[in-house]
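What follows is one structure encoded as structure tokens, with my remarks underneath.
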2 protein chains.
Amino acid sequence: MTQPTFRALADPTRRDILQMLATGDMTIAQITDRFDMTRAAVKKHLTVLSDGGLITTEVRGRERINRLDPAGFAPVRDWLTFFDRFWDDRLTALTDAIEKDQP
Amino acid sequence: MTQPTFRALADPTRRDILQMLATGDMTIAQITDRFDMTRAAVKKHLTVLSDGGLITTEVRGRERINRLDPAGFAPVRDWLTFFDRFWDDRLTALTDAIEKDQP
DNA sequence: TAGATAGGATACCGATTGGTATCACGTCAA
DNA sequence: TTGACGTGATACCAATCGGTATCCTATCTA
């Protein structure tokens with residue numbers, strides 16, 4: 001499930017959409033108003049974001065409310081954590097070595 | 001500088017290369033050995049990773065040592081932090097509201 | 001010095017991507 | 001009921017992407 005997420009974040013427009021949704025849920029038309037783009041283009045981006053699990057949609061009448069999904073960010077966070085742990089280990093190994101050098 | 005970074009992370013092969021480099025610095029030939037891919041293809045991926053600031057290269061004789069660059073991950077981490085802060089605020093606002101409801 | 005080794009550069013190919021234009025469908029309101 | 005409104009869906013286009021093949025340069029070594 002991590003590939004669709006990273007793929008979704010690769011486009012600057014999609015990252016902008018996510019930041020906009022952070023300020024509040026929005027319909028497609030509302031998002032389109034803030035971009036120099038067709039509604040169809042925005043819709044495509046929203047589909048990619050949805051595939052990546054980063055947003056969810058709630059159908060209300062003829063409208064579709066797009067909402068940020070905090071859980072969708074987990075894959076990225078987890079992936080970063082892998083490297084964080086790796087670097088932490090490297091750092092402790094380094095300080096350990098230094099301590100041994102100066103007993 | 002954040003767009004090249006996200007772009008670099010969008011490809012699964014490139015993320016694999018990063019994980020491989022976490023176990024130790026490697027030359028292009030060494031990386032190519034572990035993939036079913038041409039050296040030229042790997043080289044392209046390394047260029048994208050370098051553009052994203054995720055790796056650095058040290059020329060040693062006729063070899064090029066590719067090394068992970070921890071600093072390159074900062075843009076992604078910072079970007080995630082934005083949403084973390086946002087959700088934290090939302091959560092505290094919610095708990096505050098609940099506390100007011102039950103004095 | 002001659003070959004082998006490690007890598008750079010470029011042209012090319014099929015597939016994917018971001019975008020538009022267009023038409024079709026359900027839903028709301030007068 | 002009849003439009004207007006909010007979306008979905010599809011066909012199409014230029015540009016980018018991941019990958020290969022090929023040729024070239026620099027460096028090490030026998």
Side-chain angles (χ1 to χ4, degrees), chain A residues 1-21 24-69 72 76 79, chain B residues 1-21 24-69 72 76 79:
Chain A
M1 205 21 201
T2 119
Q3 173 52 20
T5 306
F6 276 100
R7 195 264 203 186
L9 295 183
D11 186 271
T13 301
R14 283 194 290 267
R15 293 199 303 278
D16 285 347
I17 292 178
L18 289 178
Q19 298 226 23
M20 283 183 40
L21 288 180
D25 306 340
M26 302 177 80
T27 66
I28 294 191
Q30 288 173 323
I31 299 175
T32 305
D33 281 346
R34 308 208 189 175
F35 283 97
D36 191 20
M37 221 183 311
T38 316
R39 181 183 52 78
V42 172
K43 158 71 176 168
K44 277 194 181 182
H45 283 306
L46 290 175
T47 301
V48 175
L49 286 171
S50 178
D51 288 348
L54 294 161
I55 64 171
T56 58
T57 29
E58 174 195 342
V59 179
R60 196 152 65 198
R62 60 183 161 181
E63 293 183 338
R64 279 178 70 99
I65 313 294
N66 298 276
R67 173 173 301 122
L68 229 52
D69 186 355
V76 187
W79 191 84
Chain B
M1 206 22 203
T2 120
Q3 172 54 19
T5 306
F6 276 99
R7 196 263 201 183
L9 294 182
D11 186 271
T13 300
R14 284 195 289 269
R15 292 199 304 278
D16 285 347
I17 291 179
L18 289 178
Q19 298 225 23
M20 283 183 42
L21 288 180
D25 306 341
M26 303 178 80
T27 66
I28 294 190
Q30 288 174 323
I31 299 174
T32 305
D33 281 347
R34 308 207 190 176
F35 283 97
D36 191 21
M37 221 183 309
T38 315
R39 179 182 53 77
V42 173
K43 157 70 177 169
K44 278 193 181 181
H45 283 305
L46 290 175
T47 301
V48 176
L49 287 171
S50 178
D51 289 348
L54 294 161
I55 65 170
T56 58
T57 29
E58 175 196 342
V59 179
R60 196 151 67 196
R62 63 182 160 180
E63 292 182 336
R64 279 178 70 98
I65 314 295
N66 296 277
R67 174 174 299 123
L68 229 53
D69 186 355
V76 186
W79 191 83

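Letters go in sequence order (proteins before strands), and every chain restarts at 1. Side chains are part of it too, since the values below use all heavy atoms of this structure and drop only hydrogens, waters and symmetry mates.
When the P atom of C:dG7 is taken as reference, atom CG of B:L46 falls 10 Å away, rounded to whole Å. A straight line from CG of B:N66 to P of C:dG7 spans 8 Å, rounded to a whole angstrom. Computed from coordinates, the A:K43 NZ to C:dC23 C1' distance equals 16 Å when rounded to whole Å. Taking atom CZ of residue B:R64 and atom P of nucleotide D:dT27, one finds them 13 Å apart after rounding to whole Å. A straight line from CG of B:D11 to P of C:dT16 spans 13 Å, rounded to a whole angstrom.
Under 3.5 Å, the side chain of B:R62 and the base of C:dT5 form at least one donor-acceptor pair of N or O atoms. Judged by atom type and distance alone, A:R39 reaches the base of D:dG8 through a side-chain donor-acceptor pair under 3.5 Å.
For B:H45, whose side chain is taken as the heavy atoms from C-beta onward, the closest listed nucleotide among C:dT20, C:dG18, D:dG19 is D:dG19. The side chain of B:A41 lies closest to D:dT20 when the candidates are C:dG8, D:dG18, D:dT20.
By the 4.5 Å heavy-atom criterion applied to side chains, B:K44 and B:M37 are not counted as neighbours. Residues B:R15 and A:Q3 form a side-chain contact, since some pair of their non-hydrogen atoms from C-beta on lies under 4.5 Å apart.
When the side-chain nitrogen and oxygen atoms of B:T27 are compared with OP1 and OP2 of C:dA6, none of them lie within a distance under 4.0 Å.
Stem regions for DNA chain D, each three or more consecutive Watson-Crick or G-U pairs with both distances under 3.5 Å and listed by first number, read C:1-30 with D:1-30.
Residue A:M20 comes nearest to A:I31 through the heavy atom pair CE-CA, 4.1 Å, listed as atom of the first residue, atom of the second, then distance.
Side-chain N or O atoms of A:T57 include none that pairs as donor or acceptor with a backbone N or O of A:I65 at under 3.5 Å.
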